[in-house]
Amino acid sequence: MATPELIAGAEPRLRPGSLSGRRRIGEDVVKGVLALCALVSVATTVGIVIALFVPAIEFFREISIVDFLTGTNWSPLFEPASFGVLPLVGGTLLVTAIASLVAMPLGLGAAVYMSEYASPRARGIIKPAFELLAGIPTIVFGYFALTFVTPLLRDIGVPVDIFNTLSAGLVIGVMLLPTVASLSEDAMGAVPRDLRDGAYALGSTKVQVATRIVVPAAVSGIVASFVLAISRAVGETMIVLVAMGQQPNLTFDPKEAAEAMTAFIAATGAGDIPTGSLEYKTIFAVGALLFVMTLVMNVFAIRLVRKYREAYE
Amino acid sequence: MSSIEPMTLGQIAQEHDEVETPKREVVFAVEDLAVAYASNVAIREVSLEVYKNAVTAFIGPSGCGKSTFIRCFNRMNDLVPSAKVTGNVLYHGKDLYADEVDPVEVRRRIGMVFQKPNPFPKSIYDNIAFGPRVLGLKDNLSDRVESALQRAALWDEVKDRLKESALGLSGGQQQRLCIARCLAVEPDVILMDEPASALDPISTTRIEDLMHELKREYTIVIVTHNMQQAARVADMTAFFSVDVAPDGGKRTGILVEYDRTSKIFTTPADKRTEDYVTGRFG
Ligand SMILES: Nc1ncnc2c1ncn2[C@@H]1O[C@H](COP(=O)(O)OP(=O)(O)OP(=O)(O)O)[C@@H](O)[C@H]1O
Ligand SMILES: [Mg+2]
């Protein structure tokens, strides 16, 4: 075979010589614009953190942080004011736990069904139904909980209050189901076919392939979907405001009314309280705590995933 | 590169050819098999017999349906929704595609090793133990794991790191791990679809040596692109080719010739086989 240089009449190649070239201006501009995009989101996050923590820190100048975090009585707006945040934290955790108990197993089950069992036809029906569910405004879910789920629970003999944590939690769980299902399904869909084939070739049944190969290999994506679901349940506002109530209540009984942290923030913020007052700063203190709780949970989840995942790359 | 001399392959094949071929027990009898993906017929009119304790090789140009065909023996094609298998595959006289046959039971007896090593993202031990656990064979699991690794000639290399991830092994070790994984459930037949095509020559030789060992206990069916490999390991060889419809449209895989390996590489009956094994085609 002739090498290119030996082809008669061919143009000479670039000669080795000076290797310096002109700067490519366009390249710099693109890089600058892209960096700006990244900067905007970082700056926004930093801005939010500052806006949240400055009033919160001022709040803790007046109220002991220990009293805030350990107190069991929350009545910041009435005399004598009391700033024990535990009833709100308890309300948020209880409603989140109920929502998680609905969204995680059902979402994971739906994801396994869609990725391992469903025919293309069944998938063609379920996927749009989930997208529809994900598109419903939360206020609609809130009233659905209050006017449908709560009466339904009473009809089937669960003695719930008008406002109660159970309906709110159940409905948040249903709302989050599509999120868990679709993110988990994406993670399972990314598990290489090879691995499934290998397991089937050893005489595994479908259930065994799903539970012993696909789910373990997709566990980081599945846990990520769980974490997102929990974060959204913790941050969910409308449903808890409408259906769970606004009575700070340190209880583990989901049949009773209670108040979630977000519901307090929304309700109090919507009322007329003077900027800079203690009540005003209370909102930020609760908001900052919410932020820290979500952050801690995310970090914890990332650690957990790193430890247990079966990476296939 | 010089083309491969037919005599060389023939000599290789004759080296291990058993002089008198006793009437062997038939493990698979394939009768007029065809596989179609939706409306595309990938392979048709295949009839052949696979014998016990022998290595049977399928060779032929890319796309002639070798993988499709070998996947019929353990019903892996069931996992491809568009695939449709017609004809019969008799396994010890029983039709593998009869209604009452459970593909899971079939795969428990007929193991498979794939072209690309596909260890599970688990420890070496858990990889080998996977099959026995799935089958509920929980007694003496660690003995079973050790024996499978021994037979796959991998034990000495991994015995101190059984708890480590299988993904940390080299490609050749991973493929022997996959063979060991298959042996751990004591199958009757081992199917291998180009098991050495992603490996270096030394790993390839090890796997070929292994096949010579394993055929004493198992029946082995192998797809290979490498004719030297077929000549070295196989007792019987089937040559497949692509039949192009007269209008130049549909391409279908067909079985051209099936015989003792030494015969295929020295005195093939079909001109197309001769062209292929002498490197004049494909
Ligand atoms: N899952 C599938 N869906 C549709 N068509 C397929 C599928 N698998 C294989 N085919 C088609 O069937 C024909 C035979 O493919 P097959 O993989 O069996 O060939 P092969 O002989 O193994 O080729 P190679 O030597 O390249 O591995 C090809 O035309 C291929 O495109
Ligand atoms: Mg193939």
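Each chain gets a letter, A, B and so on, in the order its sequence line appears, and its residues count up from 1.
Heavy-atom pairs under 4.5 Å with chain A were tallied for B/I110, B/V134, B/N118, B/V185; the largest tally goes to B/V134. Most heavy-atom pairs under 4.5 Å with chain A, from the set B/R133, B/M112, B/M76: that is B/M76.
No more than 12 heavy atoms of other residues, nucleotides or ligands sit less than 6.0 Å from atom CZ of A/F252. The environment of B/K94 atom NZ is sparse: at most 12 non-hydrogen atoms of other residues, nucleotides or ligands sit within 6.0 angstrom. Around the CZ atom of A/F300, the shell of radius 6.0 Å holds no more than 12 heavy atoms that belong to other residues, nucleotides or ligands.
There is no contact between A/R196 and chain B, counting heavy-atom distances below 4.5 Å. Heavy atoms of B/R181 lying under 4.5 Å from chain A belong to its backbone as well as its side chain. Proximity to chain A (any heavy atom under 4.5 Å) is shown, for B/P81, by neither the backbone nor the side chain.
Of all heavy-atom pairs between B/L135 and A/G203, the closest is CD2-O, 4.4 Å. The two residues B/R107 and A/Y200 make their nearest non-hydrogen contact at CD-O, 3.1 Å. The two atoms that bring B/F120 and A/I213 nearest to each other are CD2-CD1, 3.5 Å, heavy atoms only. Of all non-hydrogen atoms in A/T205 and B/R108, the two that sit nearest each other are CG2-NH2, 4.3 Å.
Rounded to the nearest 0.5 angstrom, B/F114 CZ and A/D197 CG are separated by 5.0 Å.
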